Amino acid sequence: MASTIPEVRWTSFADLPLSEQVHRAVADQGWKIPTPIQALALPELLDGEDVVGLAQTGSGKTAAFAIPLIEGLGRKARGVQALVLLPTRELAAQAAKEISNLSRYNPVRPVVLCGGVPIGPQIKALKNRSAAIVVGTPGRILDHLQRGTLHLGAVRYLVLDEADRMLDMGFAPDVVRILSHTPDSRQTALFSATMPGAIRGMVKRHMRSPRYLTVESEAPTVDTVEQVYYRVDGRDKTRALRALIDAEQNPLAIVFRRTKHGATKLHRQLERDGYKSALLHGGKTQAQRTKTLAGFAHGRSRILVATNVASRGLDIPNVSHVVNYDLPEDAQTYVHRIGRTARAGKEGVAATLVGEAEVREFDKIQRSLPVQVRRSELPLSA
Ligand code: AMP
């Protein structure tokens, strides 16, 4: 059994070996970077590994299993190649929709097999078209197997999503019977919000040395982060930033900008002013990013100017300050950004620079946060 991978690997969608069609479909969704569970699971699943992912609804796990499913599908092969088991009809419908969306430039149409609806049209769908992907709930899938209307002997990719809920709902015997209809050589991905003993047992019996993937939960606005904002009316934000840095003793700070161009400009300006800083954005190669991050993590440059590419999943232990030089796009991005500081119980400061024109936008973000962000005055040198 492979061990847990504690850190989120540094990835962008561009770094993953995805087809041009899937890249386009991901871009259409408006997704910029993979969520932490995607960053962990996609490389493993695309590599053909079995994966056990500790992940909740909302983590982006559907795409984490849907993308490898789409990429691995043999377009000419016959029979059901991929099977996705979920506990409820709603979840099955959602997963099927996401598979359709992500395969829009090379369409695959999943057949949805759930209870609570007539079985006739499902039988027809299985007969009529090349049903390469089946998404459904265990009871109805077992029903089809027993009627002989579904055959799973060609399944190469199996997903058990929300496994703990399936077990809670009493589906364990059904799931085990369904598994026995699929070839042992298949690839299996299991996602669950919790890992009770019953799931561990199932993993042991039915999966091949899976990789265990967990992501630290992005607790909204950790209480060890001191959150402040500064109004910088009519003043230059660069000056405000310099004043904040100067007022601290040797901070290790991530400064967020919205655009690559903005980040590059600020980085240059800081270097000109004698502040040693590093630059991170999506236009850099993987090798460059790894090097930059390693340099920053070891304190070789103590200011990292970055775009949102650094806002999720990045775990650098001693970041003392996160500065929102540009406002985050929304409350979720705010939470992700400020989650880069105060890690592992340490103290941290999240400072947001709010320009004159940004007051209303920041108010809107604040209203969605569970805590009040305190207004503070800039240190005197600004
Ligand atoms: P899930 O956990 O799969 O139910 O996904 C939760 C939500 O996150 C869905 O609305 C997805 O559309 C969205 N989502 C999935 N991946 C990403 C991503 N990389 N960036 C932004 N949103 C995403």
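Just so it is clear, the values below take in all heavy atoms, side chains as well, and ignore hydrogens, waters and symmetry mates. The model shown is predicted, which means the values in this text are computed figures rather than measured ones. Counting convention: from 1, in listed order, for ligands and their atoms alike.
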Between the side chains of Tyr325 and Thr238, does any donor sit under 3.5 Å from an acceptor?
yes
When only distance counts, is Gln29 in polar contact with ligand 1, meaning an N/O pair under 3.5 Å?
no
Could you tell me whether Asp184 and Arg208 make a salt bridge, using a distance below 4.0 angstrom between a side-chain N and a carboxylate O?
no
Does ligand 1 come near enough to Glu98 that some N or O of the ligand is less than 3.5 Å from an N or O of the residue?
no
Check whether the side chains of Glu162 and Ser192 place a donor and an acceptor atom closer than 3.5 Å, and report yes or no.
no
What part of Ala55, side chain, backbone, both or neither, has a heavy atom within less than 4.0 angstrom of ligand 1?
neither
Provide the number and element of each atom of ligand 1 under 4.0 Å from a heavy atom of Thr62.
1 (P), 3 (O), 4 (O)
Checking the N or O distance criterion of under 3.5 Å, is ligand 1 in contact with Gly60?
yes
Give the atoms of ligand 1, by number and element, whose distance to some non-hydrogen atom of Phe13 is under 4.0 Å.
19 (N)
Is it true that Arg211 and Glu49 have a side-chain N and a carboxylate O under 4.0 angstrom from each other?
no
In ligand 1, the atoms that come under 4.0 Å of a heavy atom of Thr35 are 16 (N), 17 (C), 18 (C), 19 (N)
Do we see a donor-acceptor contact under 3.5 Å between the side chains of Asn106 and Ser103?
no
Check: Thr259/Arg257 side-chain N/O donor and acceptor closer than 3.5 Å
no
Is Ile33 close enough to touch ligand 1? Criterion: a residue heavy atom under 4.0 Å from a ligand atom.
yes
Find all atoms of ligand 1 within a distance of less than 4.0 Å from any non-hydrogen atom belonging to Gln38, and give their numbers and elements.
15 (C), 16 (N), 17 (C), 18 (C), 19 (N)
Taking atom types as modelled and ignoring hydrogens, do the side chains of Tyr229 and Glu358 form a donor-acceptor contact shorter than 3.5 angstrom?
no
